[in-house]
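Structure, as structure tokens:
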Amino acid sequence: QVQLVESGGGLVQTGGSLRLSCAASGRTLSIYTMGWFRQAPGKEREFVGTISRSGRITYYADSVKGRFTISRDNAKNTMWLQMNSLKPEDTAVYYCAAESSLDVSRNPATYDYWGQGTQVTVSS
């Protein structure tokens, strides 16, 4: 199985940027469809974006489309989430996840492996 570790979270002002990383170990990242999710206090975990195994296909939640970009480098066993024009409502714990299916998915239940999360706080 694969182990996932997120990093890059922190405190940023409204309009700022952060780049989250998700490093994989244990197995090659190339066999997994990957996703980013987030969870704010008192709310359910929500879909942020997903990227196919090759990196050629990406989907985003409407709330982040045009501001966030997912990328991956399978040779480095790493995925990234570039977050620009951050808003206070983006404040949450961000998780990366991996699923064995070929299909990209917005449903967290389809993901098999999860990182521990990294906190992103956007101040107004």
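Starting from 1, each residue takes its place in the sequence as its number. The shown structure was predicted, so the numbers you read here are calculated from the model rather than taken from an experiment.
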Legend entry - Flag side-chain contact, heavy atom, 4.5 Å: Gln116 against Val5: yes
Legend entry - Distance (rounded to the nearest 0.5 Å) between Arg19 CZ and Met83 CE: 11.5 Å
Legend entry - ILVMFWY cluster, Val48 and Ile51 together (side-chain gap under 4.5 Å): yes
Legend entry - Validation row: Val122, Gln13 side chains within 4.5 angstrom (heavy atoms): no
Inset, instruction - Using atom types as modelled and distance alone, determine if a side-chain donor or acceptor of Thr33 lies under 3.5 Å from a backbone N or O of Ser101. - result: yes
Inset, instruction - Report yes if some heavy atom in the side chain of Leu11 is under 4.5 Å from a heavy atom in the side chain of Ser123; otherwise report no. - result: yes
Legend entry - Hphob cluster co-occupancy, Val64 + Val12, side-chain heavy atoms under 4.5 angstrom: yes
Inset, instruction - Would you give the length of the straight line joining atom OG of Ser85 to atom CZ of Phe68, rounded to the nearest 0.5 angstrom? - result: 9.0 Å
Inset, instruction - State, with a plain yes or no, whether a side-chain heavy atom of Met34 is found less than 4.5 Å away from one of Leu29. - result: yes
Legend entry - Test item: Val120 and Thr91 side chains (from C-beta on) under 4.5 Å apart, heavy atoms: no
Inset, instruction - Before accepting this row, confirm whether a basic side-chain N of the pair Asp90/Lys87 lies closer than 4.0 Å to the acidic partner's carboxylate O. - result: no
Legend entry - Beyond-backbone contact of Thr28 with Asn77, side-chain heavy atoms, under 4.5 angstrom: yes
Inset, instruction - Please confirm whether the backbone N or O of Ser100 pairs with a side-chain atom of Arg53, one donor and one acceptor, at under 3.5 Å? - result: yes
Inset, instruction - List the atom of Leu4, the atom of Ala98, and the distance in Å for their closest heavy-atom pair. - result: CD1-N, 3.8 Å
Legend entry - Distance, nearest 0.5 Å, that separates CD of Gln3 from OG of Ser25: 4.5 Å
Legend entry - Trp114 side, atom CH2; Cys96 side, atom SG - distance, nearest 0.5 Å: 9.0 Å
Inset, instruction - For the pair Phe37 and Phe47, name the ring-plane relationship: parallel under 30°, tilted 30 to 60°, perpendicular over 60°. - result: perpendicular
Legend entry - 4.5 Å side-chain heavy-atom contact, Glu99 and Tyr32: no
Inset, instruction - Would you check if there is a donor-acceptor pair between the side chains of Thr78 and Asp73 at a distance under 3.5 Å? - result: no
Inset, instruction - Supply the atom-to-atom distance Arg38 CZ to Glu89 CD, rounded to the nearest 0.5 angstrom. - result: 8.0 Å
Legend entry - Val104 with Ile31, same ILVMFWY side-chain cluster at under 4.5 Å: no
Inset, instruction - Apply side chain to side chain contact (heavy atoms under 4.5 Å, CB included) to Ser21 and Lys76, showing your working. - result: CA-CA 11 Å; Ser21 298; Lys76 295 181 178 179; over 6 Å; no
Legend entry - Check against side chain to side chain contact (heavy atoms under 4.5 Å, CB included), Trp80 and Ile70: CA-CA 6 Å; Trp80 296 274; Ile70 298 175; over 6 Å; no
Inset, instruction - Determine, using the 4.5 Å side-chain heavy-atom cutoff (strictly less than), whether Trp36 and Ile57 are members of one ILVMFWY cluster. - result: no
Inset, instruction - Decide side chain to side chain contact (heavy atoms under 4.5 Å, CB included) for Thr118 and Leu20; before the verdict, give the C-alpha distance in whole Å, the side-chain angles of both, and the deciding distance to 0.1 Å. - result: CA-CA 8 Å; Thr118 186; Leu20 305 184; 4.0 Å; yes
Inset, instruction - Could you tell me which non-hydrogen atom of Ala40 sits nearest to which non-hydrogen atom of Ala92, and how far apart they are? - result: N-CB, 3.8 Å
Legend entry - Heavy-atom closest pair, residues Ser17 and Gln82: CB-NE2, 4.0 Å
Inset, instruction - Return yes when atom OH of Tyr59 has more than 12 non-hydrogen atoms of other residues, nucleotides or ligands closer than 6.0 Å, and no otherwise. - result: no
Inset, instruction - Quick one: pull up CD in Glu6 and CD in Gln119 and give me the separation to the nearest 0.5 Å. - result: 12.0 Å
Legend entry - For Gly8 against Leu18, the heavy-atom pair lying closest together: O-CD2, 3.8 Å
Inset, instruction - Let me see the working for Ser105 and Tyr111 under side chain to side chain contact (heavy atoms under 4.5 Å, CB included), right down to the final yes or no. - result: CA-CA 8 Å; Ser105 172; Tyr111 287 79; 4.2 Å; yes
Inset, instruction - Report whether Tyr113 and Met79 are members of the same hydrophobic cluster (ILVMFWY, side-chain heavy atoms less than 4.5 Å apart, transitive linking). - result: yes
